[in-house]
Amino acid sequence: MRLDCLVIGYNDTPFGRHLDLVSRKGGQAIEYRTARHDHVRFDGQRLPYMDLLAELDRRRSGAGTGHVGFHIGEVPNLAAVYLTSHLRQHGYEADFVSAFRPEQDRLTALLTDRDPLITIITTTFYVSPGPAIELVEYVRQQNPETMVVVGGPLVANLIMDTDSATLPWVLAEIGADVYVHDGQGEDTLRKLVEAVRGGQSLDGVPNLLWVRDGETVVRTRRIPENNSLDECAVEWSHFDGADLGPVLQTRTARSCAFKCSFCDYPVRAGALSLASLSTIERELDAMAELGATDVVFIDDTFNVPLPRFVDICQLMIRKGYGFRWYSYFRCGNVRGSEMFDLMASSGCAGVFLGIESGDDTVLKAMNKSASVDRYRNGIQRLNERGIMSFASFIAGFPGETEQTVQNTIDFVNDAAPTFFRIEPWWYNHRAPIHQQAAQYALTGRDFRWRHATMDSAGACDAVDRVFAEVTESSWMPMWNFDFWALPYLRGRGFSAEQVVELHRLARDLMLLNDGDGKAAEAGRRIAERALTDWYAGVDVRPSRYGSTRLA
């Protein structure tokens, strides 16, 4: 049967291509300096952690060079699942592909054999048009007749950041037929599919853009969506557990309850919206029925409001689902040990802590509504209960100095979260801090800025310093990895201890990334052998993309 809609999730740019592009900016470019901490040199190759695991798996299994033993795309892309579910609930034939590269053969088959009326490309993680352009070109090569639609944050950001004269050129460069402009967009997509299937004009479908004659942007009426999370929840029974795998993501809230001064997400996402406990229970029941071993809640503030979080934890205890769960977590907003006990009892295996700084003056400037002491107490309680934590930090926010950087180093070594990472601050002109630019003598934007106490190059120096001097927590890279690799690896069969050991051994190798000469080569061979020997003792479940378990 012909598909009404095919949804494509994530297109991950190969790291080698990314490294080549940022290398052209020069060795002092922030993008290049950041990439140095996202990969290791292994047997002459520069590999991010997931590709490193895939290479170790390929060698152990004896598979060929096309072998994909590890890929974060094995965890179904939630945006793609969500839109597919929404369309199916309204009676449309819809399917999705989670990740472009490892599922390219399946994508090709769906485009040719199922001949989708519409193919939609989501852009949740894209900061530039490149990945979307590649997907549009590929879809057109395989099926010139399908209507190509691009929606999501990339479209919204381009509309906000691009002047009216340039926008038609940018959209034409991406090459889609239609663009969806809405912070949610699921109902717009439904109306679009209805109109196209019925042969109707798109003029009556709200929140659309397209380019006419390569010069003019045509817009339909703007009607911002405010969809109910209860009515739009994923209907997991419409999917096959064997196709989804053991690690699933869901959300129980939309937007964020806080107003950090470096972030414009609450403004873009609107007021905090919550799913009911009965909807959450129905989703978790279905996930358990599908055989999920690890569940990820993507809510920005999962434990806010706290009484609701207590209800969710008690629900998971009462139902005895047995899966491990992971989420963002505001540990500075939790007092007392009872809440941490409840988390451990309900199956919490890991949390993402957006701490941002180990200095109280910087936290105040960030409007974080928390203190270093409360963060330290929260991490201690997580550690005591064996709940893995990933602490994320920003270097160079207005007010940052050499001393505040030292305070962050001291904090991480003292509190000892399981994992940590620090990144240079990204100056977003739409964030609240931009209104205080004069106060901080703040100029520039994005990764190139300066203020009264630091500039972006100094922020990179701070990242290097924190990376080198933190010894009590394991560095976690971002490129196709990040905190969300934890549930993926646990779902593949890694123990918590093996995940930690991977990070320790990989960091030993990363420290040699820039080393040359006989001493560095000798050290690299030792570190590579340690990784190879370690992986020989890891018993992992087969990958959906082609991993082979040894007998």
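Everything numeric here is computed off the predicted structure, so don't read it as measured data.
- To the nearest 0.5 Å, atom OG1 of residue T119 and atom CZ of residue R114 are 12.0 Å apart.
- Between R17 and E134 there is a salt bridge, since a side-chain N of the basic residue sits under 4.0 Å from a carboxylate O of the acidic one.
- Side-chain contact check for L192 versus L202: some heavy-atom pair is nearer than 4.5 Å.
- For the pair S85 (side chain) and E235 (backbone), a donor-acceptor distance under 3.5 Å is present.
- When all heavy atoms of L248 and P76 are compared, the pair lying nearest together is CD2-CG, 4.1 Å.
- In this structure, I387 CD1 and Y326 OH are separated by 11.5 Å, a value rounded to the nearest 0.5 Å.
- More than 12 heavy atoms of other residues, nucleotides or ligands sit less than 6.0 Å from atom NZ of K319.
- Figure legend: R88 and F239 shown as a cation-pi pair, the cationic atom lying under 6.0 angstrom from the six-membered ring centre and within 45 degrees of its axis.
- Rounding to the nearest 0.5 Å gives a distance of 11.5 Å between CG of L53 and OG of S543.
- A salt bridge between D299 and R251 is absent, with no side-chain N of the basic residue lying under 4.0 Å from a carboxylate O of the acidic one.
- In this structure, the ring of H503 has its center less than 6.0 angstrom from the ring center of Y49.
- Nearest approach of T123 to G151, heavy atoms of both residues: OG1-O, 2.8 Å.
- The closest side-chain donor-acceptor pair between T124 and T122, if any, does not fall under 3.5 angstrom.
- A distance of 8.5 Å separates OG1 of T418 from CG of L353, quoted to the nearest 0.5 Å.
- Looking at D182 and R222, a side-chain N of the basic residue comes within less than 4.0 Å of a carboxylate O on the acidic one, giving a salt bridge.
- The side-chain heavy atoms of H39 and P477, taken from C-beta on, include no pair separated by under 4.5 Å.
- Between D285 and R282 there is no salt bridge, since none of the side-chain N atoms of the basic residue sits less than 4.0 Å from a carboxylate O of the acidic one.
- You'll find the side chain of W325 reaches within 4.5 Å of the side chain of F297, heavy atoms only.
- With no hydrogens or angles considered, a side-chain donor-acceptor pair links T188 and E225 at under 3.5 Å.
- Within 6.0 Å of the CD atom in Q104, the count of heavy atoms belonging to other residues, nucleotides or ligands exceeds 12.
- Shown here is E289, whose CD atom has no more than 12 heavy atoms of other residues, nucleotides or ligands within 6.0 Å.
- Looking only at distances, no side-chain donor or acceptor of R324 sits under 3.5 Å from a matching main-chain atom of P487.
- Judged by the 6.0 Å distance and 45° axis criteria, R330 is not positioned over the aromatic ring of F309.
- Ring pair W475/F420 is perpendicular by interplanar angle, where above 60° counts as perpendicular and below 30° as parallel.
- Between D12 and F125, every side-chain heavy-atom pair lies at or beyond the 4.5 Å cut-off.
- One finds a salt bridge joining D95 and R106 here, because a Lys/Arg side-chain nitrogen approaches an Asp/Glu carboxylate oxygen to under 4.0 Å.
- For the residue pair E283 and A233, the shortest heavy atom distance occurs at OE2-CB, 3.5 Å.
- Note on ring orientation: taking the six-membered ring where Trp is involved, the planes of Y82 and H86 are parallel (angle under 30°, cut-offs 30° and 60°).
- For the pair C313/M339, a side-chain contact is recorded, criterion being any heavy-atom separation below 4.5 Å from C-beta on.
- Using a 4.5 Å cut-off on side-chain heavy atoms (C-beta onward), V234 and T250 make no contact.
- Atom CZ of R212 has 12 or fewer neighbouring heavy atoms from other residues, nucleotides or ligands inside a 6.0 Å radius.
- Annotation: cation-pi pair R197/Y92 absent, no NZ/CZ under 6.0 Å from the ring centroid and within 45° of its normal.
- A pairwise comparison of heavy atoms in V180 and G185 identifies CG1-CA, 4.4 Å as the closest pair.
- For the pair I355 and A391, the tightest heavy-atom approach, listed with the atom from each and the gap, is CD1-CB, 3.9 Å.
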Working for side-chain hydrogen bond (donor to acceptor under 3.5 Å, both in side chains), residues S346 and Y321: CA-CA 9 Å; S346 63; Y321 294 121; over 6 Å; no
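- Ion pairing between R140 and E137 fails under the 4.0 Å rule for side-chain N and carboxylate O.
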